[in-house]
Amino acid sequence: MNIKITLPDNSVREYPKGSSAMDVAKSISEGLARNVLAAKVNGEVRDLNRPIEEDAQLTLLTWNDAEGKNTMWHSSAHLMAEALEFYYPGVKFWVGPPVQNGFYYDVDFGGEVFSADDLKKIEDKMAELAKQSNAYVRKEIGKEEAIRYFTERNDPYKLDLLSNLEDGSITLYTQGNFTDLCRGPHIPNTGYIKAIKLTNVAGAYWKNDSNNPMLTRIYGITFPKKSELDAYLAMLEEAKKRDHRKIGKEMEIFTFDDDVGPGLPLWMPNGAVIIEELERLAKKTEAMAGYKRVRTPHLAKESMYLTSGHLPYYADSMYPPMEFDGEKYYLKAMNCPHHHKIFKELNPSYRDLPIRLAEYGTCYRYFGIEKYVMRFSTHEPSKLGQKYVDNPVLWKETEDMVRQVLIESNIPYVEVPDEGAFYGPKIDVQVWSAIGREFTLATNQVDFAVPARFGLTFRNAKNEMETPICIHRAPLGTHERFIGFLIEHFAGNFPLWLAPEQVAILPISDKFNGYAKKVLQVLINSDIRGLVDDRDEKIGKKIRDAEIKRLPYMLIIGEKEEQDFTVSVRQHGKGDQGTLKVQDFVDKIQAEVKELLSV
RNA sequence: GCCGAUGUAGCUCAGCUGGUCAGAGCUACUGAUUUGUAAUCAGUAGGUCGGGGGUUCGAAUCCCUCCAUCGGCUCCA
């Protein structure tokens, strides 16, 4: 008897009943049979060798499919468990799922410390076991039998899992000397795993509950080819090189000091230049949009944050208050309450609206990149009055309004429930750093609560008092985050307008230091940031150092240049660009900056 | 808060089974060299080995404690 198998391209093939997905793969091509890792049968991911008993939609999953990768990594977790059991007989296992980049297994070593130094021997053992190409064997088992099995093995974790499983749906998988309670699926045998790297060991609470004991979580990743592992490791190295903490220090952008305190950056001269350039751009943009600048103090009394309503929500992320004359003062964690006070003093009429205020103040909160996404955060109705201001009508109104704006402006976004601010919905720009950390860069927040708390009003056209709605904006987020993002995005190779130092003037020998300084003066007079490397070094060394410092332009000058009042231009990463008159170089730089800044 | 790692000269790191273990490279400084597109040579200087306490005849090294940094504590057989 035959069954009909429908493949993703909608072609239909007939096979004897009970054929496996592997049989299908073999019938299509030898290469496919070699690369296939698992099969999706009628939407369910299954082992390749399980017989198919009826007509089915079949997708053969390879390393190029997320589900194929996950199957491989899940099987790798079992392989790691086998290796661990070899060296640590009696260890207990909790769960070992595939994750974003690889897999982990949570392990109870019974008090023994397992540290990163122990990873290598496990890795080696895994490689040895992988070579044996042991099959992953599936076995269906009754619940009672399963309970007996894991009771005998004195395994409280698997018994805990079993307690939530239904009889008839329980399976064990065995490869080599290791058997685990597992729903599968798995790759056919351990030989598919060709490259192994155990990456990290960390603590993780059992069931993610800090009241529970802590298990040892071991992270790893595997590949079907050695070359893919090498590429992955190279990618990690590359990301590490972009880490803003490393580059920031290297380029003398910012530093931290134990005496100043954690999370309190000291912006060095190079960092200050970047901040000032960014603010200059932001100020210009805001001025064009009708914003007016204000300045407010770094402190405010507790009463203001009680009025605004921030204190209960932000207490954890604000520094503790300082007391003076019986009053509590807080370092400001946000500008908006101060700005509400200014609004009140302005006492506007509807003709004055909207009032647009902007400030680049220092706020205090306790606490690489190629992609970003607009995140529209909304509230969770069940949490009104707790996490959110209790005003369901305004929530609905403003959320609909913001959604409409996003759609009409053609801005792609993802909607995230239960992430709104306590006073209203918000739009964030989410980015991912080179080292994989997600954070919020810029934010726009609708606020229909705080203006009322401050008693803000304006006079409407009917000469009645009305409460305004406030929109909070943080176009740059914090300097730390924004500049951190820029560092990683550019890997420290800032565009000309942001580069702390734009031009290095490199005299061939000290005979030309005088001319170099003249050229520097011309640059300075033209608002170009430059320096002269007048060290007693050979030109090759000066160039090398300027390249390492990521200086966008180098001007090499010697006898020829001095005679003709020219400079020999070299561009960072691009090499020799020929000779220009000094004034032509100035024009070129100014034009380039202008072009970069005209968005 | 918890688990693990790390903290040695301005920077990157070696030394850490206790006794020529206080080192290297870069940087800085001095001198020689006067250099044409990614490292000239030589010399000099620089450190309470994160802070504090303890064990010992003797501690960078072992123990305790505190501080700071990094990774993790989300992806449920």
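Chain letters run A, B, ... following the sequence lines, proteins first, then strands; residues in each count from 1.
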| request: List the protein contact pattern of nucleotides 34-42 of chain B with one symbol per nucleotide (5' to 3'): B for base contact, S for sugar-phosphate-only contact, - for none; contact means a heavy-atom distance under 4.0 Å. | output: BBBBBBB--
NA contact type, [X], heavy-atom cut-off 4.0 Å: base, sugar-phosphate, or nothing?
{"X": "Val99(A)", "result": "base"}
{"X": "Arg183(A)", "result": "base"}
{"X": "Ser169(A)", "result": "base"}

If you restrict it to nitrogen or oxygen atoms, what contacts under 3.5 Å exist between nucleotides 3-6 of chain B and the protein, and what is each distance?
{"unit_1": "rC3(B)", "atom_1": "O2", "unit_2": "Gly203(A)", "atom_2": "N", "d": "3.2"}

| query | Taking the inter-plane angle between the rings of Tyr232(A) and Phe223(A) on a 0 to 90° scale, is it parallel (under 30°), tilted (30 to 60°) or perpendicular (over 60°)? | reply |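 Ring orientation of Tyr232(A) relative to Phe223(A): tilted.
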Could you tell me if [Y] and [X] have a donor-acceptor pair between their side chains, going purely by distance under 3.5 Å?
{"X": "Asp47(A)", "Y": "Asn49(A)", "result": "no"}
{"X": "Glu592(A)", "Y": "Tyr553(A)", "result": "yes"}
{"X": "Asp108(A)", "Y": "Tyr157(A)", "result": "yes"}

Using atom [atom1] of [X] as one end and atom [atom2] of [N] as the other, report the distance to the nearest whole Å.
{"X": "Trp94(A)", "N": "rC73(B)", "atom1": "CH2", "atom2": "P", "answer": "17 Å"}
{"X": "Gln100(A)", "N": "rG72(B)", "atom1": "CD", "atom2": "P", "answer": "13 Å"}
{"X": "Asn70(A)", "N": "rC76(B)", "atom1": "CG", "atom2": "P", "answer": "10 Å"}
{"X": "Phe103(A)", "N": "rG72(B)", "atom1": "CZ", "atom2": "P", "answer": "17 Å"}
{"X": "Asp106(A)", "N": "rC75(B)", "atom1": "CG", "atom2": "C1'", "answer": "12 Å"}

| query | Are the aromatic rings of Tyr105(A) and Tyr219(A) close, with centres under 6.0 Å apart? | reply |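 No: the rings miss the under 6.0 Å criterion.
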| task | Would you state whether a donor and an acceptor, one from the side chain of Tyr205(A) and one from the base of rG1(B), lie under 3.5 Å apart? | result |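 Under the 3.5 Å cut-off, the side chain and the base do form a donor-acceptor pair.
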| query | Which residue pairs satisfy the salt bridge (Lys or Arg N to Asp or Glu O under 4.0 Å) criterion with at least one member in residues 61-72 of chain A, sequence neighbours excluded? | reply |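 Output for this query lists Lys40(A)-Glu67(A).
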| Residue-level proximity of residues 140-165 of chain A to RNA chain B when a heavy atom falls under 4.0 Å |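 Leu161(A), Leu165(A) - these, ordered by number, are the residues of the stretch whose heavy atoms sit under 4.0 Å from the strand.
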| field | Heavy-atom check, side chain of Val519(A) versus side chain of Phe585(A), under 4.5 Å | value |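 The answer is no, as the side chains (C-beta and beyond) never meet within the 4.5 Å cut-off.
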| query | Given side chains that start at C-beta, do those of Ile427(A) and Thr443(A) come closer than 4.5 Å, heavy atoms only? | reply |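 No, their side chains stay 4.5 Å or more apart.
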| said: Quick check: closest heavy atoms across Thr171(A) and Arg138(A), and the distance to 0.1 Å? | reply: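 Reported closest heavy-atom pair: CG2-NH2, 3.5 Å.
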| Is Tyr219(A) near enough to rG71(B) that one of its side-chain N or O atoms lies under 4.0 angstrom from OP1 or OP2? |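 For rG71(B), neither OP1 nor OP2 has a side-chain N or O of Tyr219(A) closer than 4.0 Å.
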Check: protein-nucleotides 8-13 of chain B nitrogen or oxygen pairs below 3.5 Å:
none

| task | Please determine if Lys121(A) forms a cation-pi arrangement with Tyr87(A), meaning its NZ or CZ atom is less than 6.0 Å from the six-membered ring centre and no more than 45° off the ring axis. | result |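 Yes - Lys121(A) lies over the ring of Tyr87(A), closer than 6.0 Å to its centre and within 45° of its axis.
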| task | Identify, with sequence neighbours excluded, every residue that meets salt bridge (Lys or Arg N to Asp or Glu O under 4.0 Å) alongside Lys125(A). | result |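 Here the qualifying residues are Glu128(A).
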